[in-house]
Amino acid sequence: MNSNEKTGETFVELKGLVKNYRLGQTVVSALRGVDLELHRGEFTAVIGASGSGKSTLLNMIGCIDNPDSGSIKFDGVEITQLSDDAKSHLRNQKIGFIFQSFNLIPVLNVEENVELPLLINHSISPIERSERVAAAIADVGLSSFMKNRPDQLSGGQRQRVAIARALAGNPDLVLADEPTANLDSTNSGKIIDLMLELNTRRKVTFLFSTHDANLMNRVSRIVNIQDGVIRV
Ligand code: ADP
Ligand code: MG
């Protein structure tokens with residue numbers, strides 16, 4: 001059985017997560033003791049004012065940055081104890097990222113952008129790589145745009161490319177930091193439809209941060225963060 005098929009069980013567990021940023025003499029407390037459990041298959045939004053710690057929270061779960069203290073269990077494994085190499089491996093194998101500003105490489109076409117994260121993973125053969133890339137691009141409805149560069153696409157299409165790039169690695173978890181913030185409401189709606197469909201069909205767990213009321217109305221769970229603490 002594919003591990004993605006086990007829905008409902010605890011998948012990510014955060015306990016007492018603390019993250020401070022030092023800016024010269026001052027210390028900014030971005031996370032002040034966050035406890036949170038995510039379950040497999042969930043479609044969850046983290047909401048909160050600008051500066052409340054949403055991006056920091058996603059970056060900690062995604063092994064992009066390290067907490068000062070606290071525990072992060074990913075699929076039962078304590079990731080704060082892993083070496084940098086092991087963290088990179090986990091990030092590459094199990095986690096996909098989608099960013100507010102899409103973060104595509106302007107000189108690469110759609111196919112090359114989606115392929116890029118797979119190139120670091122040497123266990124994937126070139127044939128499998130091109131199959132995965134084509135399947136992910138087909139899943140987001142952009143098969144006829146494979147050879148186009150990002151500047152030849154609309155904002156909504158660019159975010160679709162970013163979603164395909166996140167999916168091509170067959171992640172268990174997609175972390176999406178304000179994924180619809182730079183889109184108009186029509187495109188935002190379409191992107192939400194697409195992510196919900198992928199959540200259902202590919203059984204990918206999604207965790208967003210958002211301000212978008214369209215998105216908040218469509219998620220199965222909302223987590224409220226305020227000044228670095230989860231409010232219930
Ligand atoms: P949100 O995504 O909810 O807007 P962030 O997680 O980006 O919030 O930021 C939380 C707090 O941490 C803010 O006060 C922000 O200014 C601060 N912060 C975030 N990243 C850094 C950084 N790299 N260096 C210093 N301060 C940071
Ligand atoms: Mg943010």
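The figures here come from the full heavy-atom set of this structure, side chains too, leaving out hydrogens, waters and symmetry mates.
Under the 4.5 Å side-chain criterion, counting only non-hydrogen atoms from C-beta, Ile230 is not in contact with Asp35. Inter-residue side-chain proximity for Leu116 and Arg165 is flagged as unmet; no heavy-atom pair is nearer than 4.5 Å. In this structure the side chain of Lys87 never reaches within 4.5 angstrom of the side chain of Leu90, judged on heavy atoms. Within the 4.5 Å cutoff, the side chain of Leu194 has heavy atoms near those of the Glu197 side chain. Looking at Asp65 and Met60, their side chains come closer than 4.5 Å, going by heavy atoms from C-beta outward. Proximity of Leu198 to Arg201: side-chain heavy atoms (C-beta onward) are separated by under 4.5 Å at one or more points. Residues Ser209 and Glu178 form a side-chain contact, since some pair of their non-hydrogen atoms from C-beta on lies under 4.5 Å apart. Side-chain contact between Phe97 and Arg91: present, with at least one pair of heavy atoms (C-beta onward) separated by less than 4.5 Å.
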Quiz item: Would Asn170 and Arg202 satisfy side chain to side chain contact (heavy atoms under 4.5 Å, CB included), going step by step from the backbone distance to the final call?
Solution: CA-CA 9 Å; Asn170 287 338; Arg202 281 200 182 216; 3.3 Å; yes
Exercise. Apply the test side-chain hydrogen bond (donor to acceptor under 3.5 Å, both in side chains) to residues Lys19 and Asn59: give CA-CA distance (whole Å), side-chain angles for both, the deciding distance (0.1 Å), then the verdict.
Key: CA-CA 11 Å; Lys19 177 68 180 180; Asn59 291 346; over 6 Å; no
Quiz item: Could you walk me through whether Gln159 and Asn187 pass the side chain to side chain contact (heavy atoms under 4.5 Å, CB included) check?
Solution: CA-CA 9 Å; Gln159 196 57 307; Asn187 273 308; over 6 Å; no
Self-check item: Candidate pair Leu31 and Leu57, rule side chain to side chain contact (heavy atoms under 4.5 Å, CB included), full reasoning
Solution: CA-CA 7 Å; Leu31 299 178; Leu57 180 64; 4.3 Å; yes
Exercise. Quick one: do Asp193 and Arg218 satisfy side chain to side chain contact (heavy atoms under 4.5 Å, CB included)? Show the steps, please.
Key: CA-CA 9 Å; Asp193 289 342; Arg218 308 279 302 276; 2.7 Å; yes
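Taking all atoms of both residues into account, the shortest heavy-atom contact from Ala164 to Ala136 is O-CB, 3.5 Å. Nearest heavy atoms, Ala138 versus Ser143: CA-OG, 3.3 Å. Nearest heavy atoms, Gly41 versus Asn199: O-ND2, 3.2 Å. Minimum interatomic distance between Glu13 and Lys15 (heavy atoms only, all atoms of both residues): OE2-NZ, 3.4 Å. Heavy-atom minimum distance, Asn113 versus Pro150: ND2-CG, 3.9 Å. In this structure, Ile79 and Cys63 approach most closely via the heavy-atom pair CD1-SG, 3.7 Å.
The backbone N or O of Ser55 lies less than 3.5 Å from no partner atom in the side chain of Asp177, so there is not a single donor-acceptor pair. Between the side chain of Lys54 and the backbone N or O of Gly48 there is at least one donor-acceptor pair closer than 3.5 Å. A distance-only check finds a donor-acceptor pair linking the side chain of Arg160 to the backbone of Val140 [under 3.5 Å]. Side-chain atoms of Thr180 never come within 3.5 Å of backbone atoms of Leu183 as a donor-acceptor pair (strictly under, hydrogens ignored).
Remark: Leu38 CG to Arg221 CZ distance equals 6.0 Å, nearest 0.5 Å. To the nearest 0.5 angstrom, Lys73 atom NZ is 10.5 Å from Gln81 atom CD. Note that CD of Glu115 and CG of Asn109 are 9.0 Å apart. Values are rounded to the nearest 0.5 Å. To the nearest 0.5 angstrom, Ile137 atom CD1 is 10.5 Å from Ser144 atom OG. Atom OG1 of residue Thr56 and atom CD1 of residue Ile61 lie 11.0 Å apart, to the nearest 0.5 angstrom. From Leu104, atom CG reaches atom CG of Leu153 across 8.0 Å, with rounding to the nearest 0.5 Å.
Every residue was checked against the side-chain hydrogen bond (donor to acceptor under 3.5 Å, both in side chains) condition with Asp227, not counting sequence neighbours, and none meets it. For Thr80, the side-chain hydrogen bond (donor to acceptor under 3.5 Å, both in side chains) partners are Glu78, not counting sequence neighbours. For Ser123, the side-chain hydrogen bond (donor to acceptor under 3.5 Å, both in side chains) partners at least two apart in sequence or on another chain are Asn121. Listed by chain and residue number, Asn103, Asn182 satisfy the side chain to side chain contact (heavy atoms under 4.5 Å, CB included) test with Ser101 (two or more places apart in sequence, or in another chain). The salt bridge (charged side-chain N to carboxylate O under 4.0 Å, His left out) search around Lys190 returns none, not counting sequence neighbours.
Hydrophobic cluster membership differs between Val18 and Val34, with clusters built from Ile, Leu, Val, Met, Phe, Trp and Tyr side chains linked at under 4.5 angstrom. Two different hydrophobic clusters hold Phe102 and Ile64 under the rule that ILVMFWY side chains link at heavy-atom gaps under 4.5 Å. With hydrophobic clusters built from ILVMFWY side chains whose heavy atoms lie under 4.5 angstrom apart, Leu82 shares a cluster with Ile72. Cluster annotation: Val12 and Val219 are assigned to distinct hydrophobic clusters (Ile/Leu/Val/Met/Phe/Trp/Tyr, side-chain heavy-atom contacts under 4.5 Å, transitive). Put simply, Ile98 and Leu58 are part of two different groups of oily side chains (I, L, V, M, F, W, Y) that touch within less than 4.5 Å, one to the next.
Other residues, nucleotides and ligands contribute more than 12 heavy atoms inside 6.0 Å of the NE2 atom of His211.
Arg40 pairs in a side chain to side chain donor-acceptor pair (under 3.5 Å) with only one of the listed residues (Asp75, Thr10, Thr205), which is Asp75.
Note on residues 41-69: pairs passing ring pair (Phe, Tyr, Trp, His ring centres under 6.0 Å), not counting sequence neighbours, are Phe43-Phe206, Phe43-Phe208.
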